[in-house]
Amino acid sequence: EDEDDNLGLEAWERSYADDRSWEALQEDESGFLRPIDNSAFYHAQYRRRLRTTARIQKGLIRYLYIVIDLSRAAAEMDFRPSRMAVVAKQVEAFVREFFDQNPLSQIGLVTVKDGVANCLTDLGGSPESHIKALMGKLGCSGDSSLQNALDLVQGLLSQIPSYGHREVLILYSALSTCDPGDIMETIQKCKESKIRCSVIGLSAEMFICKHLCQDTGGSYSVALDESHFKELIMEHAPPPPAIAEFAIANLIKMGFPQRAGEGSISICSCHKEVKVGVGYTCPRCKARVCELPTDCRICGLQLVSSPHLARSYHHLFPIAPFDEVTPLLNDPRNRSRSTCFGCQQSLLSSGNKPGLYVACPKCKKHFCLECDIYIHESLHNCPGCESL
Amino acid sequence: MASAPSKLYSDDVSLVVVLLDTNPFFWSSSSLSFSQFLTHVLAFFNAILTLNQLNQVVVIATGYNSCDYVYDSSSTGNQSVGNGRMPSLCATLLQNLEEFMNKDEQLGKQEPEGRIACSLLSGSLSMALCYIQRVFRSGLLHPQPRGSPDGPEQYVAIMNAIFSAQRSMVPIDSCYLGAQNSAFLQQASYITGGVHHKPQQLDGLFQYLLTIFGTDLHSRNFLQLPKPVGVDFRASCFCHKNTIDMGYICSVCLSIYCKHLKKCSTCGSVFGQAQTQSDEPSATNRKRKTTDA
């Protein structure tokens with residue numbers, strides 16, 4: 001009905017048709033209306049996240065399988081338009097984010113439908129193939145089976161090299177599982193194979209999922225709505241703390257290809273077509289590949305470029321969390337430090353009262369809340385410490 | 001590795017954040033004097049500001065010991081200081097720049113001798129990105145560094161800044177004025193989708209600046225700008241700092257080595273040994289042999 005309403009409106013009216021701007025207002029202490037101040041809320045949330053990431057070793061080379069539940073419970077409409085559509089969309093965003101943060105890792109997709117687990121895509125390091133498979137037609141029907149999914153994943157993950165960290169992320173919509181045997185045995189086998197299983201439930205908390213995650217060292221959470229689901233799934237993108245016995249440290253042989261010169265013509269080994277110019281040459285067998293990171297098809301050497309490795313270096317040299325500064329009113333020193341060092345925004349909130357801000361413990365420069373979040377989540381450099 | 005995809009920019013409005021290298025060690029040995037360089041650059045800023053009413057220029061000076069904001073065209077404190085000969089833009093900028101250089105030099109006197117003469121590019125890039133995040137309108141911005149030699153100790157910090165810029169779709173253009181090539185700036189421009197250029201004739205710097213770097217991001221879709229020639233993405237090994245084609249990576253900390261070692265020197269992990277007692281040591285050995293082949 002919304003569409004019919006919109007057609008009767010003028011063009012300028014349509015932009016306001018769904019606008020509920022009155023919901024973005026709140027009353028403050030003296031009864032005046034003001035817009036909802038989200039920045040302090042985001043900042044508190046972000047600081048809670050920061051406190052949990054201490055300086056511990058992380059598993060940087062990950063082999064992750066995502067199990068998507070396509071049973072009839074996934075066709076429920078409590079997430080708009082349906083649970084399955086929301087899951088597909090968020091998994092696509094997650095896959096991009098995952099490869100952004102873990103360029104040397106690989107993802108595979110598994111679906112569970114009619115009680116049978118099928119491998120949708122094999123373990124691969126390029127996001128495009130997984131996203132293409134997700135965009136295809138995914139029907140929902142039948143029961144879901146946790147044991148079949150775990151059996152399949154455990155078989156697939158037994159073939160990976162010993163230095164990799166094995167993980168499974170199960171996106172479970174159903175409230176039951178239809179298993180051929182004893183699931184406790186399967187969980188025990190997963191524990192022995194050192195697979196870290198995590199589950200994100202979409203309906204309600206289940207004991208068996210909780211037990212699985214606790215036994216294997218993963219995390220279990222249940223999504224309340226779409227934005228909460230997105231938050232929960234993105235928590236799995238950064239590398240989890242590494243359990244030392246799970247992966248044997250090893251030296252991996254890798255090649256650093258150079259870019260082929262402009263105008264050079266060769267047959268690329270991935271598409272078997274003639275390509276001009278842009279591409280990379282494997283240093284061992286001189287075959288041409290189109291993009292990095294990848295495994296050379298001819299000789300099997302893993303090919304990366306130095307920025308791929310550099311993407312993970314911020315995990316090895318993290319920056320200290322900034323301390324909150326309680327501003328002292330009528331402090332003469334406040335005049336000189338009234339702008340954020342990073343973005344030059346004034347640190348005084350409305351009414352010339354000093355607002356909430358943070359300071360770096362090493363260089364003592366002051367930063368506003370937005371810069372604090374940006375520096376710790378995206379930039380990973382403190383501008384003050386780098387300018388010394 | 002694919003370079004950054006270009007966003008669809010629908011407007012001509014630009015915010016240009018310029019990182020000026022004011023390293024005195026570099027400028028004293030360069031063929032172009034700093035004052036001549038400044039005349040080119042100031043004319044370039046004026047040109048950008050006249051191209052569109054909403055254009056904005058922010059200048060961050062990159063010093064030897066510190067970095068600071070020197071000029072912001074949108075700040076309201078720009079009174080017409082003009083004494084009749086120079087417009088207010090030049091006057092404010094030059095004044096701030098002079099103050100900055102004095103402060104920078106004073107900070108330097110307290111440091112011991114023997115430091116490498118490189119500018120703090122990572123610091124000013126980080127500040128520029130924080131400023132851009134604050135602005136957060138789409139389709140505007142491009143920091144443009146200039147140049148003295150790279151400092152290898154800033155590698156991780158600069159790469160962090162580059163990846164952050166790539167995620168927020170901020171192209172980094174670089175104009176390199178020194179003698180050798182700067183691998184950092186080349187990589188920065190390639191990864192973020194910007195333009196890297198090394199002007200051949202420094203007398204015509206203003207022309208290079210205006211025609212190559214002065215273009216807003218929407219128009220770049222229609223222009224043929226200098227293409228990157230052979231960006232070298234090879235890594236250097238941690239033990240000898242040589243550039244290598246093939247190397248060994250520690251699976252725990254991702255340090256790069258050129259030959260096989262028993263123990264990683266960065267993280268101390270011992271290679272090839274199970275941390276706990278494994279039931280099938282022969283199975284793991286077999287698996288390891290096939291992956292190393």
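Just so we're on the same page: letters track the sequence lines, and every chain starts at 1.
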Measuring from [X]:[atom1] to [Y]:[atom2], what's the distance to the nearest 0.5 Å?
X       : Y       : atom1 : atom2 : value
H308(A) : M159(B) : NE2   : CE    : 10.0 Å
I375(A) : C130(B) : CD1   : SG    : 4.0 Å
I249(B) : Y163(A) : CD1   : OH    : 10.0 Å
D100(A) : F163(B) : CG    : CZ    : 9.0 Å
L60(A)  : C250(B) : CG    : SG    : 9.0 Å
S164(B) : L379(A) : OG    : CG    : 4.5 Å

Ignoring hydrogens, what is the shortest heavy-atom contact between [X] and [Y]? Give both atom names and the distance.
X       : Y       : answer
N160(B) : H380(A) : ND2-O, 3.5 Å
L254(B) : Y313(A) : O-OH, 3.3 Å
A249(A) : V252(B) : CB-CG2, 3.6 Å
P307(A) : Q187(B) : CG-OE1, 3.9 Å

Quick one: which of G164(A), S378(A), G300(A) has the most heavy-atom pairs under 4.5 Å with chain B, could you say?
S378(A)
Under 4.5 Å from any heavy atom of chain B - which part of L301(A)
side chain
Contact origin within E192(A) toward chain B - heavy atom pairs under 4.5 Å:
neither
Chain A contact via I256(B) - which portion, at a heavy-atom distance below 4.5 Å:
side chain
Considering residues at least two apart in sequence or located in another chain, which fulfil the side chain to side chain donor-acceptor pair (under 3.5 Å) criterion with S189(B)?
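Residues passing side chain to side chain donor-acceptor pair (under 3.5 Å) with S189(B): S174(B).
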Can you list the residues that meet the side chain to side chain donor-acceptor pair (under 3.5 Å) rule with H165(A), with sequence neighbours excluded?
none
Test M246(B) against M254(A) for side-chain contact (heavy atoms from CB on, under 4.5 Å), laying out the working first.
CA-CA 6 Å; M246(B) 279 192 285; M254(A) 291 196 189; over 6 Å; no
